[in-house]
Amino acid sequence: MIIGKILIAVIALLHIYFLILEMFLWDKPMGMKAFGNNLEKAKLTKVLAQNQGLYNGFLAAGLIWSVCAAAPFALQLANFFLGCVLVAGLYGAMTASKKILYIQALPALIALLVVNFVA
C-alpha cells in the first residue's frame, strides 16, 4: 500500500500544481505557456480557469484525505477520488487536449490499479 500512497500523493501534488496554474498564474507567462494561451484569451477566460483550479484543489484535498485516512475508509476514498481524476482526465482528453490523457488520466488509472491490486 506504500507505493499506492506515494502515487496518490504525487497525483495530489499535480493537482495542487494545476490549482496554482489555473487560479494564480493563468494570465502570467508561465500559465499562458502551460495552456497555450495569449494574454487576450487568458484575460477572457481567467474566471473560468480559477473555478477549474478550485475543483483541482478539491481533488487534491480528497486524495490527501485518502492517504491520511484509516482503513477501510482510505481505500474507499482513494477509489472515489482517483476515479474522479480519471473521469476528468478522460473528458479533458476528449474535449480539450490529448495530452491530458497522459498527464491526468493515465497516472490516476495506474494508481487505481496499484491501490487495488498490488499488495
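Just so you know, these numbers use all the heavy atoms, side chains as well, and skip hydrogens, waters and symmetry mates. In this text the structure is predicted, and so the values were computed from the model without any measurement.
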Taking only residues at least two apart or on different chains, which pairs with a member in residues 68-92 satisfy side-chain hydrogen bond (donor to acceptor under 3.5 Å, both in side chains)? N79-N116
Do the side chains of L54 and L19 get nearer than 4.5 Å, heavy atoms only? no
If Ile, Leu, Val, Met, Phe, Trp and Tyr residues are connected whenever their side-chain heavy atoms lie under 4.5 Å apart, and connections chain through other members, are L109 and F117 in the same group? yes
Considering only residues two or more places apart or on different chains, which pairs with a residue in residues 31-45 satisfy salt bridge (Lys or Arg N to Asp or Glu O under 4.0 Å)? none
Is there a chain of hydrophobic side chains (I, L, V, M, F, W, Y, each step under 4.5 Å between heavy atoms) that links M32 to L44? no
Does any pair with a residue in residues 95-108 pass side-chain hydrogen bond (donor to acceptor under 3.5 Å, both in side chains), and if so which ones, sequence neighbours excluded? H15-Q104
Could you tell me the separation between the CD1 atom of I100 and the CG atom of L106, rounded to the nearest 0.5 Å? 13.5 Å
M23, F58: one ILVMFWY side-chain cluster at the under-4.5 Å cut-off? yes
CG on L14 to CZ on F18, rounded to 0.5 Å: 4.5 Å
Among the clusters formed by ILVMFWY side chains lying less than 4.5 Å apart, do F35 and L48 turn up in the same one? no
Qualifying side-chain hydrogen bond (donor to acceptor under 3.5 Å, both in side chains) pairs with a residue from residues 52-75, counting only residues at least two apart or across chains: E22-Q52, E22-N56
Which distance, rounded to the nearest 0.5 Å, do you find between the CD1 of I110 and the CG of L86? 11.0 Å
What side-chain donor-acceptor pairs closer than 3.5 Å can you find for residues 3-11, not counting sequence neighbours?
residue : atom : partner : partner atom : Å
K5      : NZ   : V67     : O            : 3.3

So the side-chain hydrogen bond (donor to acceptor under 3.5 Å, both in side chains) pairs with at least one residue in residues 23-32 (sequence neighbours excluded) are W26-T45, D27-K46
What is the minimum heavy-atom distance between A12 and I64, and which atoms define it? CB-CG1, 3.8 Å
